[in-house]
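Hydrogens, waters and symmetry mates are skipped; everything else that's a heavy atom, side chains included, is used. When a residue number appears, it is its place in the shown sequence, counting from 1. Being a predicted model, the structure only gives us computed values, none of them experimental.
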Amino acid sequence: MNRLELIAAINKDTGVENKAIDAVVRAFVDNVQKAVKKGDGVTLVGFGTFASAKSKARTGKNPRTGESIKIAAKVRPTFKAGKGFKDLLNGVKAAKPAAKKAAAKPAAKKPAAKKK
């Protein structure tokens, strides 16, 4: 699915104009890129985390000639899928959140009787 197909799918689901969806998609991508470039991660719970990782400089080999070459250090973008996304891909049904039990409140103390 490319950007235009994504916009069409969102339009079908929401009925929002394609121009507005395109603006939101472009703003989303721009803001994720800016945040990751700054060194911040962008986490969308249940979907995944966009971040950056540093690679150290190292020596590699040209597979054709066997010659040693230097590979410069660099920063690369990473994406780690969230549990909800992984479960969706693997056909795992999401567990329903357990109902929270109300914490038992301690019994209110009666005010001390006044002495006369």
[X] to [Y] - nearest heavy-atom pair and separation:
X	Y	value
Lys38	Asp40	CE-OD2, 3.3 Å
Gly39	Ser52	CA-OG, 4.5 Å
Ala53	Thr78	CB-CG2, 3.8 Å
Lys86	Ala81	CE-O, 3.2 Å
Arg76	Ser55	NE-OG, 3.3 Å
Ile21	Val16	CD1-O, 3.3 Å

Next on the checklist: Determine whether a donor-acceptor pair (N or O, by modelled atom type, separation under 3.5 Å) exists between the side chain of Gln33 and the backbone of Asp30.
Outcome noted: no

Next on the checklist: Are Val24 and Phe47 connected into the same hydrophobic cluster when the rule is that any two of I, L, V, M, F, W, Y join if their side-chain heavy atoms are below 4.5 Å apart?
Outcome noted: no

Next on the checklist: Membership question, hydrophobic clusters at under 4.5 Å side-chain separation (ILVMFWY): are Met1 and Leu88 in the same one?
Outcome noted: no

Distance in Å, [X] [atom1] paired with [Y] [atom2], rounded so as to fall on 0.5 Å steps:
X	Y	atom1	atom2	answer
Asn90	Lys83	CG	NZ	10.0 Å
Ile71	Lys61	CD1	NZ	12.0 Å
Ile69	Asn62	CD1	CG	6.0 Å
Lys70	Thr59	NZ	OG1	7.0 Å

Next on the checklist: Restricting to salt bridge (Lys or Arg N to Asp or Glu O under 4.0 Å), what partner residues turn up for Asp22, sequence neighbours left out?
Outcome noted: Arg3, Arg26

Checklist entry - Can you say whether the rings of Phe79 and Phe50 are parallel (under 30°), tilted (30 to 60°) or perpendicular (over 60°)? => result tilted

